[in-house]
Number of protein chains: 4
Amino acid sequence: MATQGAGSVVAKRGPGRPRSEKARKAVIRSTLHLINQVGFNDLTIEAVAARAGVGKATVYRWWPNKAELVIAAFVSAVEEELRFPSTGPVLESIHEQMKRWAQIFRSPLGQIVATVIGAGQSQPEILEAFRRHWIEPRRLEARRLLRQAMESGEIRSDIDPDTALDLFYGPLYLRLMIRHAPLDTPFVNEVFNVVKPVLRANSGSSGSE
Amino acid sequence: MATQGAGSVVAKRGPGRPRSEKARKAVIRSTLHLINQVGFNDLTIEAVAARAGVGKATVYRWWPNKAELVIAAFVSAVEEELRFPSTGPVLESIHEQMKRWAQIFRSPLGQIVATVIGAGQSQPEILEAFRRHWIEPRRLEARRLLRQAMESGEIRSDIDPDTALDLFYGPLYLRLMIRHAPLDTPFVNEVFNVVKPVLRANSGSSGSE
Amino acid sequence: MATQGAGSVVAKRGPGRPRSEKARKAVIRSTLHLINQVGFNDLTIEAVAARAGVGKATVYRWWPNKAELVIAAFVSAVEEELRFPSTGPVLESIHEQMKRWAQIFRSPLGQIVATVIGAGQSQPEILEAFRRHWIEPRRLEARRLLRQAMESGEIRSDIDPDTALDLFYGPLYLRLMIRHAPLDTPFVNEVFNVVKPVLRANSGSSGSE
Amino acid sequence: MATQGAGSVVAKRGPGRPRSEKARKAVIRSTLHLINQVGFNDLTIEAVAARAGVGKATVYRWWPNKAELVIAAFVSAVEEELRFPSTGPVLESIHEQMKRWAQIFRSPLGQIVATVIGAGQSQPEILEAFRRHWIEPRRLEARRLLRQAMESGEIRSDIDPDTALDLFYGPLYLRLMIRHAPLDTPFVNEVFNVVKPVLRANSGSSGSE
DNA sequence: CAATAATCGAGACGGTACGTCACGTCTTCTT
DNA sequence: AAGAAGACGTGACGTACCGTCTCGATTATTG
């Protein structure tokens with residue numbers, strides 16, 4: 001490495017004024033505020049820039065489109081809540097995580113998640129960004145845990161980890177998106193309790209048709 | 001009253017030129033075509049009207065916004081596929097229905113569903129229309145079937161029918177919306193086979209926490 | 001009068017419902033009211049019909065465009081004031097007529113005249129209608145009077161009647177349209193008094209250059 | 001203060017991109033072209049913008065409505081025109097001027113004058129602008145000349161200069177607006193020759209009624 | 001007295017232009 | 001070079017009227 005001097009790992013920076021951290025934060029804050037006020041669709045870069053006291057071009061310089069901006073804002077808002085609880089039995093970790101998610105989904109952040117997925121339905125790059133910045137990081141860890149549990153015999157190994165995760169989280173996302181029924185703790189518990197036993201080793205659920 | 005004679009059931013129509021069925025159909029057709037081409041967000045009333053050979057005002061006269069228009073188009077496209085298969089054991093009916101839905105979800109119609117739910121995330125009236133015209137009619141029938149099955153002892157009765165349906169359909173909707181993994185028949189089967197046994201009578205999965 | 005029998009000069013009327021005089025009057029009344037409220041430009045057939053309690057098609061059936069309608073309304077409003085005062089010396093008749101016109105021009109009816117001429121500047125058919133229904137009928141009579149006066153030796157005969165009329169009325173129309181100075185009786189008198197002597201026989205004003 | 005140095009008279013300009021002079025000129029040119037083609041009524045901002053190769057919003061940014069735009073175009077079209085020829089006898093100057101005006105009135109500029117007066121009939125601000133930018137500058141000089149001629153005894157002094165000018169120019173404007181007869185040189189001569197003698201000193205035309 | 005025919009009010013039709021809004025880019029001066 | 005400001009060309013929005021049309025209902029004349 002050492003491009004710049006002894007042990008410098010700092011990313012090379014060209015000449016010119018460096019980007020303003022103040023502006024970046026103002027934009028993120030403005031975005032979070034406005035998306036809670038008006039939702040994703042009615043969120044305009046124009047308004048974000050105005051409220052942040054920032055030029056429109058500054059926004060476009062750093063985020064290529066509304067979705068990346070919103071996801072960045074969202075990620076920055078939930079950064080610290082993301083870690084999977086990685087102690088104890090795997091299934092209990094999942095249960096804990098599900099309850100935490102339900103809580104997030106009920107908060108304004110849940111509306112942002114919903115709104116981003118929603119926007120992703122007609123703008124593939126949004127969905128792609130959502131998967132990359134949100135779904136995959138979490139799945140990676142969850143898959144790893146499930147595999148460990150399969151190897152240790154805690155859960156059966158003839159089921160696809162992704163399918164298992166869809167069983168746990170699908171109902172939660174469904175209620176988040178459709179809002180046809182409350183996304184409360186009893187519901188989360190019931191979902192977990194239904195799916196859990198089937199994952200136990202030697203449950204024998206194979207053989208469709 | 002009987003102004004008209006015995007049994008006059010003639011649908012009363014107000015004065016003025018009646019609305020043009022031809023125009024209505026042209027608009028619906030144009031909408032379906034365009035939404036498959038460009039998605040919900042980039043669908044413009046302007047383009048719908050132009051392609052239908054219809055004035056913009058005619059579209060606005062009959063559908064208050066893009067969402068109602070798209071839902072009307074969607075409903076008209078799947079009208080005949082909506083009926084729940086109501087013969088045989090309830091669980092098998094559900095399995096059949098799940099497979100049919102997965103098939104629809106994989107078709108262009110699936111994109112419409114996704115896109116409408118997506119738009120609903122930032123426009124409540126869209127989501128409301130989606131629930132009223134799409135979710136509820138189906139749930140009504142499904143709930144009735146589940147209750148019958150509970151009474152007949154086919155499935156346990158200590159589970160909320162809506163929760164049960166969310167368990168079956170949540171994972172399908174999740175893959176429809178997130179597209180992180182294929183929504184194929186093996187997946188549908190696995191979901192069904194995982195959830196099915198827990199619904200059987202005397203499965204005893206209650207009492208978390 | 002023998003409307004139907006021998007020697008009927010009454011216009012033959014075919015079968016079918018005859019036009020409604022009530023509707024005609026309502027439209028004219030509505031037009032006069034609205035044109036005084038909003039002027040010619042903002043007058044819409046739609047509003048005229050609505051206020052008259054009449055179908056739009058009924059208006060279009062009888063008047064081909066807004067201008068014809070407005071002129072008809074205007075003519076019907078001033079009908080009785082149109083006759084040229086045909087007694088006494090020709091020049092005095094003209095003086096009388098000028099004073100009467102100035103009075104009309106100062107009233108709301110003057111605004112209608114101005115507005116119609118105005119609209120005629122960008123819509124030839126309006127100007128044409130104005131000339132046919134308004135200018136020409138008056139000029140016809142005035143020209144006839146002037147010719148009589150020429151023959152009787154009251155005024156010189158080496159001047160074009162239309163030019164003479166333009167000399168009398170041009171200044172009045174100018175003040176109607178430009179509004180740069182009042183169109184009052186002293187002004188009318190002065191115009192008349194300036195032009196009058198030149199028309200007298202043996203005034204000898206020919207031969208410019 | 002003196003931040004800039006002694007005598008800094010640099011026109012302060014705010015931040016932001018300055019307005020495009022090129023766009024301004026293109027819009028004015030396009031307006032003039034189109035108003036000659038289709039008149040005021042059928043002049044659309046849409047077409048003006050399109051022909052100028054400019055966004056509609058740019059037009060609306062600088063001119064609040066069609067009237068202001070037309071006024072600006074009109075003013076820019078006539079600003080270099082028409083100084084009064086001020087040599088020789090006053091009456092001959094007027095004669096010259098009348099002939100020049102007749103010529104202008106027959107040209108495309110005449111159509112613009114007519115069109116602007118026409119539009120002014122339903123939009124007072126246009127008429128006001130017309131008087132300020134067209135009528136008044138010319139009247140000012142003409143009035144001055146007439147007063148000089150009155151003082152020098154060239155013409156009688158018991159007549160209002162504005163009335164005299166209306167007598168000369170009223171017939172010309174009348175034919176410009178009504179188009180009921182040609183606005184040719186013979187006509188101009190006849191008008192001039194009729195009015196001229198009456199203005200001569202000691203003509204004695206006073207005493208109306 | 002029925003058939004025919006033109007009218008009526010109502011209001012939907014395919015259009016066009018409106019004036020507004022946000023887009024994403026650009027051009028200026030300032031930091 | 002990045003910043004705020006704000007003008008630029010673009011294009012869709014939802015609305016208002018245009019002039020035409022299609023209804024059912026009415027009111028005449030004609031056979």
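All heavy atoms count here, side chains included; hydrogens, waters and symmetry mates do not. We name chains A, B, ... by the order of the sequence lines, and we start the count at 1 in each one. All values reported here derive from a predicted model rather than from experimental measurement.
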Enquirer: Counting only heavy atoms and a strict 4.0 angstrom limit, can you tell me which residues of residues 23-33 of chain D come near DNA chain F?
Expert: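 Of all residues in residues 23-33 of chain D, none places a heavy atom under 4.0 Å from DNA chain F.
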
Enquirer: Please compare A:Ala52 and D:Gly55 by the position of their nearest nucleotide in DNA chain F and report the one closer to 5'.
Expert: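 Comparing both residues, the 5'-ward one is A:Ala52.
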
Enquirer: What residues form a side chain to side chain donor-acceptor pair (under 3.5 Å) with C:Lys56, not counting sequence neighbours?
Expert: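 With sequence neighbours excluded, C:Lys56 shows a side chain to side chain donor-acceptor pair (under 3.5 Å) to C:Glu46, given in chain and number order.
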
Enquirer: Between D:Gly53 and A:Ala49, name the one whose nearest nucleotide on DNA chain F is closer to the 5' end.
Expert: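 The 5'-side residue here is A:Ala49.
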
Enquirer: Within the pair B:Trp62 and E:dG11, is there a side-chain N or O less than 4.0 Å away from OP1 or OP2?
Expert: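 Answer is no, no contact under 4.0 Å.
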
Enquirer: Under 3.5 Å, is there a donor-acceptor pair between the side chain of D:Lys66 and the main chain of D:Phe40?
Expert: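 Between the backbone of D:Phe40 and the side chain of D:Lys66 there is a qualifying donor-acceptor contact (under 3.5 Å).
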
Enquirer: Measure from CG on A:Asp42 to P on E:dA22 and round the result to the nearest Å.
Expert: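 So the CG-P distance, A:Asp42 to E:dA22, works out to 9 Å.
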
Enquirer: Could you pull out the protein-nucleic contacts involving nucleotides 2-4 of chain E (nitrogen or oxygen on both sides, under 3.5 Å)?
Expert:
none

Enquirer: Taking the minimum atom-to-atom distance to the side chain of D:Arg17, which one of F:dG3, E:dC13, F:dA7 wins?
Expert: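 Among F:dG3, E:dC13, F:dA7, the one nearest the side chain of D:Arg17 is F:dA7.
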
Enquirer: Considering only heavy atoms from C-beta outward, does the side chain of B:Ile117 approach that of B:Phe130 to under 4.5 Å?
Expert: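 Touching, per the 4.5 Å side-chain cut-off.
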
Enquirer: Salt bridge check, C:Glu68 against C:Arg132: does any charged N sit closer than 4.0 Å to a carboxylate O?
Expert: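 Salt bridge between C:Arg132 and C:Glu68, a charged N being under 4.0 Å from a carboxylate O: yes.
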
Enquirer: Report the nucleotide, chosen from E:dC13, E:dA6, F:dG9, that has the shortest atom-to-atom distance to any side-chain atom of B:Ser20.
Expert: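 Minimum distance to the B:Ser20 side chain belongs to E:dC13.
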
Enquirer: For B:Arg19 and F:dG24, give me the distance from atom CZ to atom P, rounded to whole Å.
Expert: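 My rounded result for the distance is 17 Å.
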
Enquirer: Decide whether a cation-pi geometry holds between A:Arg24 and A:Trp62; the criteria are a distance under 6.0 Å from NZ or CZ to the six-membered ring centre and an angle within 45° of the ring axis.
Expert: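 Here A:Arg24 fails the 6.0 Å and 45° test against A:Trp62.
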
Enquirer: Only one of A:Asn65, A:Val48, A:Leu43 clears side chain to side chain contact (heavy atoms under 4.5 Å, CB included) with A:Val70; which?
Expert: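 Running side chain to side chain contact (heavy atoms under 4.5 Å, CB included) over A:Asn65, A:Val48, A:Leu43 with A:Val70 returns exactly one hit, A:Leu43.
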
Enquirer: What heavy-atom pair brings B:Val54 and B:Thr58 nearest, and what distance separates the two atoms?
Expert: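 For B:Val54 and B:Thr58, the tightest heavy-atom pair comes out as CG1-CB, 3.7 Å.
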
Enquirer: What's the shortest heavy-atom distance between D:Val59 and D:Ala49, and which atoms?
Expert: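 For D:Val59 and D:Ala49, the tightest heavy-atom pair comes out as CG2-CB, 4.0 Å.
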
Enquirer: What pair of heavy atoms forms the shortest contact from A:Leu32 to A:Phe74, and how long is it?
Expert: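 Heavy atoms of A:Leu32 and A:Phe74 come nearest at CD2-N, 4.3 Å.
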
Enquirer: Determine which pairs satisfy side chain to side chain donor-acceptor pair (under 3.5 Å) with at least one residue from residues 29-45 of chain D, sequence neighbours left out, and list them in order.
Expert: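 Residue pairs passing side chain to side chain donor-acceptor pair (under 3.5 Å), neighbours aside: C:Gln123-D:Asn41, D:His33-D:Arg51.
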
Enquirer: Along nucleotides 13-19 of chain F, 5' to 3', which nucleotides get a B, which get an S, and which get a -, given that the test is a protein heavy-atom distance under 4.0 Å?
Expert: BBB-SBB

Enquirer: Can you measure C:Lys22 atom NZ to E:dG9 atom C1' for me and round it to whole angstrom units?
Expert: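 It is 11 Å, rounded to the nearest whole Å.
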
Enquirer: Applying side chain to side chain donor-acceptor pair (under 3.5 Å), can you list everything that pairs with D:Gln111, at least two apart in sequence or on another chain?
Expert: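 Applying side chain to side chain donor-acceptor pair (under 3.5 Å) to D:Gln111 gives D:Arg179.
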
